Amino acid sequence: MILVTGATGTVGREVVTQLLAAGHPVRGMTRNPSQAKMDARVEVVKGDFAAPETLKKAVEGVERVFSLTFGPQTGTHERELARAAKKAGVRHIVKLGAMGGDGETRNTIRKWHDEGEQEIKGAGVAWTMLRPGRFMSNALQWRESISRQGKVFSNYGEGKLPSVHPRDIAAVAVRALTTHGHEGKTYHLTGPEALSIGDEVAILSNVLGRRIEYVPISDEAARKEMERAGMPPFLIDALLPFAAFVRSGKAAEVLPTVEEVTGRPALRFVDWAKEHAESFQ
Ligand SMILES: NC(=O)c1ccc[n+]([C@@H]2O[C@H](COP(=O)([O-])OP(=O)(O)OC[C@H]3O[C@@H](n4cnc5c(N)ncnc54)[C@H](OP(=O)(O)O)[C@@H]3O)[C@@H](O)[C@H]2O)c1
């Protein structure tokens, strides 16, 4: 049995789908089983990283775990999960983290994930760390401004970055969970091409067959927009320095990891855009 946490989210749903397609038994964790809408083959378990006793139940009888959590409590969440997993006899934990180096403290999101990674590494269970860059699916956040104004606003300027398709992240996770040789490995994951937000907008515009304008904005304007969207202040403070990093041009490196692990080329932004065209109608 493989436990997938974050099973109702962007990456977790893909992990579940691909594990089922490969014939593996899956337990999917969610805080709200009645609203989870998971495949009937999934054994749904109610679990909350903020309520550690629920994690003990979630890992009972499980061999492998996909760990996905987020925020300032990431270290605590993954300590509780990894300890429960060790006690239950789990043999391997695959963690979804974020791009960046070991011990990186300047990038807040990387720092949270670094704490989670350290807790998992200290628990005495074999591990694999996945560190993806920006998800292509973040483009779904543009739906409102596209539909209302035909515009996309971003503080990433003209900086390029190789966004990664969530299905590719899931494909690497599934390889790590179900095949040998991934224990003790850290995989940095990107898409196959470095694009600016303006480039992605042009591709989306072409796929949708409608004019969409890219409008670069300041950090201050981006902060106001994120506040308006109800984003918590700790997340806004973590995201603004990342935008500065992208603008500096240092986020553009394309890595071959997806293809090396899965044996097929990483998916392109145009692939993602075609699959999600309906979401923008
Ligand atoms: N977006 C990016 O560009 C990007 C880039 C690199 C790394 N990442 C990393 O990707 C992760 C987010 O992945 P995602 O986009 O697939 O997630 P998502 O779509 O936002 O879904 C979040 C998932 O976490 C679950 N969850 C939330 N709070 C929980 C709690 N207290 N206990 C148990 N489960 C909880 C939710 O399940 P229920 O609501 O059903 O309980 C849901 O399945 C984060 O760790 C982030 O740092 C994101």
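No experiment lies behind these values; they were computed from the predicted model shown. Both ligands and their constituent atoms are indexed starting at 1 by order of listing.
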Discussion item. I need the contact type for H113 against ligand 1. Using non-hydrogen atoms and a strict under-4.0 Å cut-off, is it side chain, backbone, both or neither?
Written reply: side chain
Item to complete: Measure across I236 and M231 and return the closest heavy-atom pair with its distance rounded to 0.1 Å.
Response: CD1-O, 3.6 Å
Discussion item. Looking at ligand 1, would G97 count as a contact under a 4.0 Å heavy-atom criterion?
Written reply: yes
Worksheet item: Can you name the side-chain contact (heavy atoms from CB on, under 4.5 Å) partners of R167, sequence neighbours left out?
Response: E14, Q18, H165, L267, E275
Worksheet, complete the sentence: In ligand 1, the atoms that come under 4.0 Å of a heavy atom of R134 are 3 (O)
Worksheet item: Just checking, is any N or O donor in the side chain of S196 or E158 under 3.5 Å from an acceptor N or O on the other one?
Response: no
Worksheet item: What do you think, any protein heavy atom under 4.0 angstrom from atom 20 (O) of ligand 1?
Response: no
Worksheet item: Quick one: does G9 get an N or O within less than 3.5 Å of an N or O on ligand 1?
Response: yes
Practice prompt. Considering the heavy atoms of T30, write down every atom of ligand 1 situated less than 4.0 Å from one of them.
Written response: 38 (P), 40 (O), 41 (O)
Discussion item. Tell me the protein heavy atom at minimum distance from atom 25 (C) of ligand 1, and give that distance in Å.
Written reply: G6 CA, 4.0 Å
Discussion item. Show the atoms of ligand 1 that are less than 4.0 angstrom away from any heavy atom in N138.
Written reply: 1 (N), 2 (C), 3 (O)
Practice prompt. Indicate yes or no: at least one non-hydrogen side-chain atom of H113 is less than 4.5 angstrom from one of F70.
Written response: yes
Worksheet item: Considering the options E78, K95, H77, which one meets the side chain to side chain donor-acceptor pair (under 3.5 Å) requirement together with S67?
Response: E78
Discussion item. Give the atom numbers and elements of ligand 1 that come within less than 4.0 Å of a heavy atom of A7.
Written reply: 43 (O)
Worksheet item: What is the minimum heavy-atom distance between V254 and P162, and which atoms define it?
Response: CG2-CB, 3.9 Å
Item to complete: Compare all side-chain heavy atoms of N155 with those of R247 and state whether any distance is below 4.5 angstrom.
Response: yes
Response to the item:
Closest heavy-atom approach to atom 45 (O) of ligand 1 among T8, T69, V11, L55 is made by T69
Practice prompt. Could you check which of F49, F135, W112 puts a non-hydrogen atom nearest to atom 8 (N) of ligand 1?
Written response: F135
Worksheet item: Which protein heavy atom lies closest to atom 11 (C) of ligand 1, and at what distance to 0.1 Å?
Response: L96 CD2, 3.6 Å
Discussion item. Between I120 and V125, is there a side-chain heavy-atom distance shorter than 4.5 Å?
Written reply: no
Discussion item. Is it the case that the ring center of F135 lies less than 6.0 angstrom away from the ring center of W272?
Written reply: no
Worksheet item: Considering only the protein, which heavy-atom contact is closest to atom 26 (N) of ligand 1, and what is its distance?
Response: R31 NH2, 3.8 Å
Worksheet item: Given side chains that start at C-beta, do those of V16 and T8 come closer than 4.5 Å, heavy atoms only?
Response: no
Worksheet, complete the sentence: Apart from V215 itself, members of its ILVMFWY cluster (side-chain separation under 4.5 Å) are F153, I217
Item to complete: Select the closest option to atom 13 (O) of ligand 1 among L81, D48, L68, judged by heavy-atom distance.
Response: L68
Discussion item. Quick check on contacts: which atoms of ligand 1 are under 4.0 angstrom from a heavy atom of G133?
Written reply: 5 (C), 6 (C)
Worksheet item: Considering only protein heavy atoms, which is closest to atom 44 (C) of ligand 1, and at what distance to one decimal place?
Response: F70 CD1, 3.5 Å
Practice prompt. Please state which part of M29 comes within less than 4.0 Å of ligand 1, counting heavy atoms only: side chain, backbone, both or neither.
Written response: side chain
